[in-house]
Protein chains: 2
Amino acid sequence: MLRPTSFDVAERAGVSQSTVSRALRGSPGVNAETRARVSAAARELGYVVDRHASSLRLKSSETIALVTICRPGEDRSAINPFYFALLGSIAAATSARGFNLLVSFQESHDNFRADFVASGLADAMIVIGTTSNRAAWQFFADAQASGLDFTCWGSPGDPFHWMRSDNEVGGRLAAEHLVARGRRRIAFVGPQQSPQRQFDERREGFAAALGARGIAPIIVEPPAAPDRHAQGLAAAAQLLAEHPDVDAIFAASDMLALGVLQGLKDARRRVPTDIALIGFDGIRAGTLVDPALSTIEPDLDAAGEALVAMALEDTGHSRSGTRIPVRLSLRGTA
Amino acid sequence: MLRPTSFDVAERAGVSQSTVSRALRGSPGVNAETRARVSAAARELGYVVDRHASSLRLKSSETIALVTICRPGEDRSAINPFYFALLGSIAAATSARGFNLLVSFQESHDNFRADFVASGLADAMIVIGTTSNRAAWQFFADAQASGLDFTCWGSPGDPFHWMRSDNEVGGRLAAEHLVARGRRRIAFVGPQQSPQRQFDERREGFAAALGARGIAPIIVEPPAAPDRHAQGLAAAAQLLAEHPDVDAIFAASDMLALGVLQGLKDARRRVPTDIALIGFDGIRAGTLVDPALSTIEPDLDAAGEALVAMALEDTGHSRSGTRIPVRLSLRGTA
DNA sequence: CTGAAAGCGCTTACAG
DNA sequence: CTGAAAGCGCTTACAG
């Protein structure tokens, strides 16, 4: 028999179908012996509750939908590994609740889609991914304006319920460390024109802490390039040309930092001897380069847990604005 | 009104509920004017078909379940990026069919789970992930022995329907390139005791091509270590100690190769001048190191597409054994 | 503590 | 071409 139903289990256990349902759901007030008999029958038949029937009845699917926004035309291996790691930690938090995780990578109007909750497929939606895809964030902003509710990672702007790293603290930690190591000609490399606030927050925390020590950072807007790594590479070249005496760099993300690192090597600058470097994100690839990248590392487990908790909260997203703690992870470059 | 139903749409459009269903599903034999009226009413109400009701009726969920096996205790950012990239390409292939993707990361008996199809949540299941978690592969082998059907990436052994890279060709391409560049003291670094055949295939293709040119490779079993990168690091040290005159290395995976590269640098060997290096997988991190890692790169788009097609086939997995094409991607190390 | 029955929101065979 | 009705497999209020 393919796919036995609760009626089959009932027949085998010699009880009614309603009793099977109650016994298997762990409802109170089912005789222990009856429950055991039902469980045995279910096991023998290989019975598994039909989730569609169950969800239809309960009006809840115990599923989270996770949308990851990509750059148009980008292949999957080029997606910033930070988002994959975040996806993994969201999956862990989802699974810890006994929920399922539906994932969707979206990049253009061809595949923008936000109806996971409307169709009943998911109880809540989380949106993460590149800040650089404006069409995508616009699509979700419009969806939210039409009454759709969801939670984002990052700072896509005002209409969203968001959750993000403690970016200012991260900037301050980087600044304090560089100054304590005697660096004085210090640069910040990061997008100034991003529609999202994350990079601004990192720069502001960094600049404020430097300012308190009487230092004004050199600010470098990365030149246009197809991805953050290429931007970092170009930014390093530009920075060295304009400020050859720079002795420390804080990059707004690890992918930028890895590009900067390559740019410094190409220019024969020694890292960290000549120039110290700190990134932001804590991606694994930072440990694979030489010297290994020092970075501000958000607590990803906490991020996944907080995103899922916030998405599932129906009380007006009271936790919107919660900050994920960060720490300075010192490896080779600073 | 929260979540309008097809009855609400019917009332607004002045037709019966069955007509709404037919119109929205694109059934033939619905008057064009009626269809337009129904579509308009649905749009106005923000109606979306309930997927649970629909799936229950149709006995099909248009969803693929993807299980990614992890190392126990490993955090999400440590998962081999190859599997994240494969996940992304599977998501693309799934989405191209209009299917949903349910993902589950599993690492131990605490969260092993294979009932996605049995519960109706998914129409098919794909299993990918680390070859090193024997308990996990044993769990899925047992599940398959009990009649569960699914498709795997890699070569977990006989009971599975699998799909994998053209590993022998990859080994041959690496060998031919190294010999053509004049290398003669050539090593293979890779696990010999893996329960999976992938690494063996890469070694066999490599050794056969070298053999045809009268060269016998040095075979290095990586020492035990917590992950492939650490294994590669240790393997490089061991290889240099035992065969200081080695002039080329083919590593069975990119993460191993990145460890080897670091080990060579630590030993002050110049890459590729003194020693050439080729990895396998084409992960993004290989482009971030200096020099960038040359590698055998499987066609991930083809892999995702083939895995989904195979999982969805119900005709006895006739495509089992299909090989994903690979190409030699020459970057800096060889 | 257990059973008969209603109903979740669809899809489609059947009748017209 | 359209409508009334059955039924997918559950959960639970209601009755006993």
Side-chain angles (χ1 to χ4, degrees), chain A residues 1-39 41-42 45-63 100 115-123, chain B residues 1-39 41-42 45-63 100 115-123:
Chain A
M1 167 189 354
L2 283 187
R3 291 275 261 126
T5 72
S6 53
F7 285 90
D8 300 315
V9 177
E11 188 177 351
R12 183 170 189 109
V15 297
S16 74
Q17 182 271 338
S18 17
T19 297
V20 169
S21 179
R22 277 189 287 252
L24 262 23
R25 298 205 86 217
S27 302
V30 174
N31 182 289
E33 195 267 333
T34 306
R35 192 187 298 276
R37 203 141 36 84
V38 169
S39 298
L45 291 175
Y47 170 75
V48 179
V49 173
D50 184 296
R51 288 299 296 264
H52 295 302
S54 173
S55 295
L56 176 60
R57 202 42 247 254
L58 294 170
K59 290 174 164 296
S60 145
S61 57
E62 307 224 305
T63 297
N100 298 303
D115 63 356
F116 301 101
V117 174
S119 67
L121 266 180
D123 298 332
Chain B
M1 165 189 356
L2 284 186
R3 292 274 262 126
T5 71
S6 52
F7 285 92
D8 300 315
V9 177
E11 188 177 352
R12 184 172 189 107
V15 296
S16 74
Q17 182 271 337
S18 15
T19 296
V20 170
S21 179
R22 276 188 288 252
L24 263 24
R25 297 206 88 217
S27 301
V30 174
N31 183 290
E33 195 268 329
T34 307
R35 193 188 297 276
R37 201 142 35 85
V38 169
S39 298
L45 292 174
Y47 170 75
V48 179
V49 173
D50 185 295
R51 290 298 297 263
H52 295 302
S54 173
S55 294
L56 176 59
R57 200 45 246 253
L58 294 170
K59 288 174 164 297
S60 145
S61 56
E62 308 222 306
T63 297
N100 297 303
D115 62 357
F116 300 100
V117 174
S119 66
L121 267 179
D123 298 332

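Below, chain A is the first sequence line, B the second, and so on; all start at residue 1.
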Atom pair distance, as rounded to whole Å: [atom1] in [X] and [atom2] in [N]:
| X | N | atom1 | atom2 | answer |
| --- | --- | --- | --- | --- |
| B:His52 | D:dC8 | NE2 | C1' | 14 Å |
| B:Leu56 | C:dG7 | CG | C1' | 12 Å |
| B:Arg37 | D:dT2 | CZ | C1' | 11 Å |
| A:Asp8 | D:dG9 | CG | C1' | 11 Å |
| B:Arg57 | C:dG7 | CZ | P | 19 Å |
| A:Arg51 | C:dC10 | CZ | P | 19 Å |
| A:Leu58 | C:dC8 | CG | P | 13 Å |
| A:Phe7 | C:dG3 | CZ | C1' | 11 Å |

**OP:** Could you measure between the two C1' atoms, the one in D:dG16 and the one in D:dT12, and give it in whole Å?
**Re:** 16 Å

Subject >> Nearest-nucleotide 5' precedence on DNA chain D, B:Val30 against B:Lys59 >> reply: B:Val30

**OP:** Using heavy atoms to find the nearest nucleotide of DNA chain D for B:Gly29 and A:Asp50 separately, return the residue whose nucleotide is more 5′.
**Re:** B:Gly29

Subject >> Given D:dC10, D:dC8, C:dT2, the nucleotide with the shortest approach to the side chain of A:Arg22 >> reply: C:dT2

Original post:
Any idea which of C:dT2, C:dG3, D:dT11 is nearest the A:Ser18 side chain?
Top reply: C:dG3

Original post:
Above 12 or not: heavy atoms from other molecules or residues under 6.0 Å from CD of A:Glu62?
Top reply: yes

Original post:
When you look at CD of A:Gln17, are more than 12 heavy atoms from neighbouring residues, nucleotides or ligands closer to it than 6.0 Å?
Top reply: yes

**OP:** Ignoring hydrogens and angles, tell me if any N or O in the side chain of B:Arg12 forms a donor-acceptor pair with the backbone of B:Ala42 under 3.5 Å.
**Re:** no

**OP:** Using atom types as modelled and distance alone, determine if a side-chain donor or acceptor of A:His52 lies under 3.5 Å from a backbone N or O of B:Gly120.
**Re:** yes

**OP:** May I ask you to say what B:Thr34 touches in the nucleic acid, namely base, sugar-phosphate or nothing, with a heavy-atom cut-off under 4.0 Å?
**Re:** sugar-phosphate

**OP:** Check every strand shown and say whether A:Ser21 touches a base, only sugar-phosphate, or nothing at a heavy-atom separation below 4.0 Å.
**Re:** base

When you check the phosphate oxygens OP1 and OP2 of [N], does a side-chain N or O of [X] lie under 4.0 Å from one of them?
| X | N | result |
| --- | --- | --- |
| B:Arg25 | C:dC10 | no |
| B:Ser16 | D:dG3 | yes |
| B:Thr19 | D:dG3 | yes |

**OP:** On DNA chain C, check which nucleotide each of A:Asn31 and A:Gln17 is closest to and give me the residue with the more 5' one.
**Re:** A:Asn31

**OP:** Start with the C-alpha gap between A:Ser16 and A:Thr19, add the side-chain angles, then the distance that decides, and say whether side-chain hydrogen bond (donor to acceptor under 3.5 Å, both in side chains) holds.
**Re:** CA-CA 5 Å; A:Ser16 74; A:Thr19 297; 3.2 Å; yes

Original post:
Now, which nucleotide makes the Watson-Crick or G-U wobble pair with C:dA4, with each of the two distances under 3.5 Å?
Top reply: none

